[in-house]
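Note that the numbering runs from 1 along the sequence shown for the chain. Basis for what follows: all heavy atoms, side chains included, without hydrogens, waters or symmetry-related copies.
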Amino acid sequence: MIILDYKDARPIYEQVVDKFQKLILTGALEPNTKMPSVRSLAVELSINPNTIQRAYSELEREGFIYTVKGRGNFVAYDESLLRYRKDEIYRKLEEIVREAGEIGISRQELSAYLEGTAGEDPVPNFQGGFLL
(Lines give C-alpha, C1' and ligand atoms only; values in the text may rest on other atoms or scores of the structure.)
Protein backbone atom coordinates (compact mmCIF):
# COMPACT_ATOMS: atom_id res chain seq x y z
CA MET A 1 0.00 0.00 0.00
CA ILE A 2 1.35 3.39 -0.94
CA ILE A 3 0.16 6.53 0.77
CA LEU A 4 1.23 9.86 -0.68
CA ASP A 5 1.90 12.90 1.44
CA TYR A 6 0.67 15.97 -0.40
CA LYS A 7 2.35 18.20 2.20
CA ASP A 8 5.74 16.70 1.28
CA ALA A 9 7.86 19.16 -0.72
CA ARG A 10 9.18 16.38 -2.96
CA PRO A 11 7.48 15.68 -6.29
CA ILE A 12 4.91 12.87 -6.24
CA TYR A 13 6.98 10.63 -8.52
CA GLU A 14 9.89 10.82 -6.04
CA GLN A 15 7.57 9.79 -3.22
CA VAL A 16 6.37 6.81 -5.29
CA VAL A 17 9.98 5.83 -6.04
CA ASP A 18 10.92 6.09 -2.36
CA LYS A 19 7.93 4.02 -1.21
CA PHE A 20 8.62 1.24 -3.74
CA GLN A 21 12.32 1.21 -2.87
CA LYS A 22 11.42 0.66 0.78
CA LEU A 23 8.90 -2.06 -0.07
CA ILE A 24 11.49 -3.85 -2.22
CA LEU A 25 14.35 -3.50 0.28
CA THR A 26 12.25 -4.72 3.21
CA GLY A 27 11.10 -7.76 1.25
CA ALA A 28 7.44 -6.73 1.15
CA LEU A 29 7.72 -6.99 -2.63
CA GLU A 30 9.58 -10.19 -3.43
CA PRO A 31 12.00 -10.55 -6.37
CA ASN A 32 10.36 -11.21 -9.75
CA THR A 33 6.95 -10.15 -8.43
CA LYS A 34 4.86 -8.28 -10.99
CA MET A 35 4.47 -4.59 -10.19
CA PRO A 36 1.03 -2.96 -10.46
CA SER A 37 0.33 -1.67 -13.97
CA VAL A 38 0.89 2.02 -14.57
CA ARG A 39 -2.81 2.62 -15.19
CA SER A 40 -4.10 0.65 -12.22
CA LEU A 41 -1.68 2.33 -9.80
CA ALA A 42 -2.48 5.76 -11.24
CA VAL A 43 -6.20 5.11 -10.69
CA GLU A 44 -5.60 3.76 -7.18
CA LEU A 45 -3.54 6.82 -6.20
CA SER A 46 -5.68 9.26 -8.20
CA ILE A 47 -2.69 10.68 -10.05
CA ASN A 48 -1.62 11.06 -13.67
CA PRO A 49 -0.32 7.84 -15.30
CA ASN A 50 2.69 9.81 -16.59
CA THR A 51 3.72 10.34 -12.96
CA ILE A 52 3.72 6.58 -12.34
CA GLN A 53 5.57 5.96 -15.60
CA ARG A 54 8.24 8.45 -14.54
CA ALA A 55 8.57 6.72 -11.15
CA TYR A 56 8.85 3.30 -12.82
CA SER A 57 11.49 4.64 -15.23
CA GLU A 58 13.50 5.93 -12.27
CA LEU A 59 13.14 2.61 -10.43
CA GLU A 60 14.31 0.76 -13.52
CA ARG A 61 17.25 3.14 -14.01
CA GLU A 62 18.31 2.50 -10.39
CA GLY A 63 17.95 -1.29 -10.81
CA PHE A 64 14.96 -1.84 -8.52
CA ILE A 65 12.66 -3.12 -11.27
CA TYR A 66 12.99 -4.51 -14.80
CA THR A 67 10.59 -4.41 -17.74
CA VAL A 68 9.46 -7.33 -19.88
CA LYS A 69 7.95 -6.12 -23.15
CA GLY A 70 4.25 -6.87 -23.30
CA ARG A 71 4.21 -8.29 -19.76
CA GLY A 72 4.90 -5.35 -17.45
CA ASN A 73 7.35 -4.41 -14.73
CA PHE A 74 8.85 -6.81 -12.20
CA VAL A 75 10.82 -6.48 -8.97
CA ALA A 76 14.58 -6.93 -9.40
CA TYR A 77 16.36 -7.35 -6.08
CA ASP A 78 19.93 -8.08 -5.13
CA GLU A 79 22.19 -7.16 -2.22
CA SER A 80 23.74 -4.25 -4.12
CA LEU A 81 20.38 -2.43 -3.92
CA LEU A 82 20.44 -2.63 -0.13
CA ARG A 83 24.04 -1.40 -0.12
CA TYR A 84 23.00 1.47 -2.44
CA ARG A 85 20.19 2.50 -0.08
CA LYS A 86 22.45 2.28 2.98
CA ASP A 87 25.04 4.50 1.27
CA GLU A 88 22.28 6.99 0.46
CA ILE A 89 21.19 7.05 4.13
CA TYR A 90 24.78 7.47 5.30
CA ARG A 91 25.20 10.48 2.97
CA LYS A 92 22.05 12.02 4.44
CA LEU A 93 23.33 11.38 7.96
CA GLU A 94 26.64 13.05 7.15
CA GLU A 95 24.73 16.10 5.92
CA ILE A 96 22.61 16.17 9.09
CA VAL A 97 25.69 15.89 11.31
CA ARG A 98 27.29 18.75 9.38
CA GLU A 99 24.17 20.92 9.71
CA ALA A 100 23.85 20.08 13.40
CA GLY A 101 27.48 21.08 13.96
CA GLU A 102 26.84 24.40 12.24
CA ILE A 103 24.20 25.28 14.85
CA GLY A 104 26.18 23.96 17.80
CA ILE A 105 24.82 20.44 18.29
CA SER A 106 27.68 18.09 19.12
CA ARG A 107 28.09 14.54 17.85
CA GLN A 108 27.71 13.36 21.45
CA GLU A 109 24.37 15.16 21.73
CA LEU A 110 23.19 13.62 18.46
CA SER A 111 24.34 10.18 19.62
CA ALA A 112 22.55 10.57 22.95
CA TYR A 113 19.38 11.61 21.12
CA LEU A 114 19.55 8.60 18.80
CA GLU A 115 20.21 6.24 21.70
CA GLY A 116 17.19 7.68 23.52
CA THR A 117 14.89 7.08 20.54
CA ALA A 118 16.28 3.67 19.56
CA GLY A 119 13.63 1.00 19.34
CA GLU A 120 10.70 3.41 19.05
CA ASP A 121 8.21 2.76 16.28
CA PRO A 122 8.89 5.35 13.54
CA VAL A 123 5.28 5.10 12.34
CA PRO A 124 3.06 5.22 15.45
CA ASN A 125 -0.23 5.14 13.51
CA PHE A 126 0.52 1.89 11.69
CA GLN A 127 -2.75 -0.01 11.09
CA GLY A 128 -1.87 -2.92 8.81
CA GLY A 129 -0.21 -2.94 5.42
CA PHE A 130 2.86 -0.86 4.84
CA LEU A 131 2.67 2.79 5.76
CA LEU A 132 5.91 4.33 4.56
Inset, instruction - Would you confirm whether Thr26, through its side chain, and Lys22, through its main-chain N or O, come within 3.5 Å as a donor-acceptor pair? - result: yes

Inset, instruction - Kindly indicate whether the side chain of Asp18, heavy atoms from C-beta on, has any atom under 4.5 Å from the side chain of Gln21. - result: yes

Legend entry - Sub-4.5 Å side-chain heavy-atom contact between Asn48 and Ile12: no

Legend entry - Ile65 versus Tyr56, closest heavy-atom pair with distance: CD1-O, 3.4 Å

Legend entry - Under the salt bridge (Lys or Arg N to Asp or Glu O under 4.0 Å) test, residues paired with Glu95 that sit two or more places apart: Arg98

Inset, instruction - Before accepting this row, confirm whether a basic side-chain N of the pair Lys7/Asp5 lies closer than 4.0 Å to the acidic partner's carboxylate O. - result: no

Legend entry - With sequence neighbours excluded, residues passing side chain to side chain contact (heavy atoms under 4.5 Å, CB included) with Glu109: Ile105, Ser106

Inset, instruction - Count the heavy atoms of every other residue, nucleotide or ligand shown that sit under 6.0 Å from CD of Glu99, and state whether that count exceeds 12. - result: yes

Legend entry - 4.5 Å side-chain heavy-atom contact, Asn73 and Lys34: no

Inset, instruction - Please round to the nearest 0.5 Å and tell me the distance separating atom OG of Ser37 and atom CZ of Arg71. - result: 13.5 Å

Legend entry - Distance, nearest 0.5 Å, that separates CG of Leu41 from OG1 of Thr51: 10.5 Å

Legend entry - Other ILVMFWY residues reachable from Tyr66 by side-chain steps of under 4.5 Å: Val68, Phe74

Inset, instruction - Using a 4.5 Å cut-off on heavy atoms from C-beta on, say whether the side chain of Val75 contacts that of Phe20. - result: no

Legend entry - Neighbour count above 12 (heavy atom, 6.0 Å) for Lys86 NZ: no

Inset, instruction - Report the hydrophobic cluster partners of Val43, with the cluster defined as I, L, V, M, F, W, Y residues connected by side-chain heavy atoms closer than 4.5 angstrom, directly or transitively. - result: none

Legend entry - same_hphob_cluster(Ile103, Ile96) at 4.5 Å side-chain heavy-atom cutoff: no

Legend entry - All salt bridge (Lys or Arg N to Asp or Glu O under 4.0 Å) counterparts of Glu14, not counting sequence neighbours: none

Inset, instruction - For atom CZ of Arg10, decide whether the heavy atoms of other residues, nucleotides or ligands shown that lie under 6.0 angstrom number more than 12. - result: yes

Legend entry - Minimum heavy-atom distance between Val38 and Pro49, given as atom pair plus value: CG1-O, 3.3 Å

Inset, instruction - Report the distance from atom CE of Met35 to atom CD1 of Ile52, rounding to the nearest 0.5 Å. - result: 9.0 Å

Inset, instruction - Write down the atom of Ile3, the atom of Lys19, and the distance for their closest heavy-atom approach. - result: O-CE, 3.1 Å

Inset, instruction - Going by the side-chain contact (heavy atoms from CB on, under 4.5 Å) test, name the single residue among Val17, Leu59, Leu29 that passes it with Phe64. - result: Leu59

Legend entry - Members sharing Tyr90's hydrophobic cluster (side chains within less than 4.5 Å): Ile89, Leu93

Inset, instruction - Compare all side-chain heavy atoms of Leu4 with those of Ile47 and state whether any distance is below 4.5 angstrom. - result: yes

Inset, instruction - Check whether any side-chain N or O of Ser57 sits under 3.5 Å from a backbone N or O of Gln53 as a donor-acceptor pair, and report yes or no. - result: yes

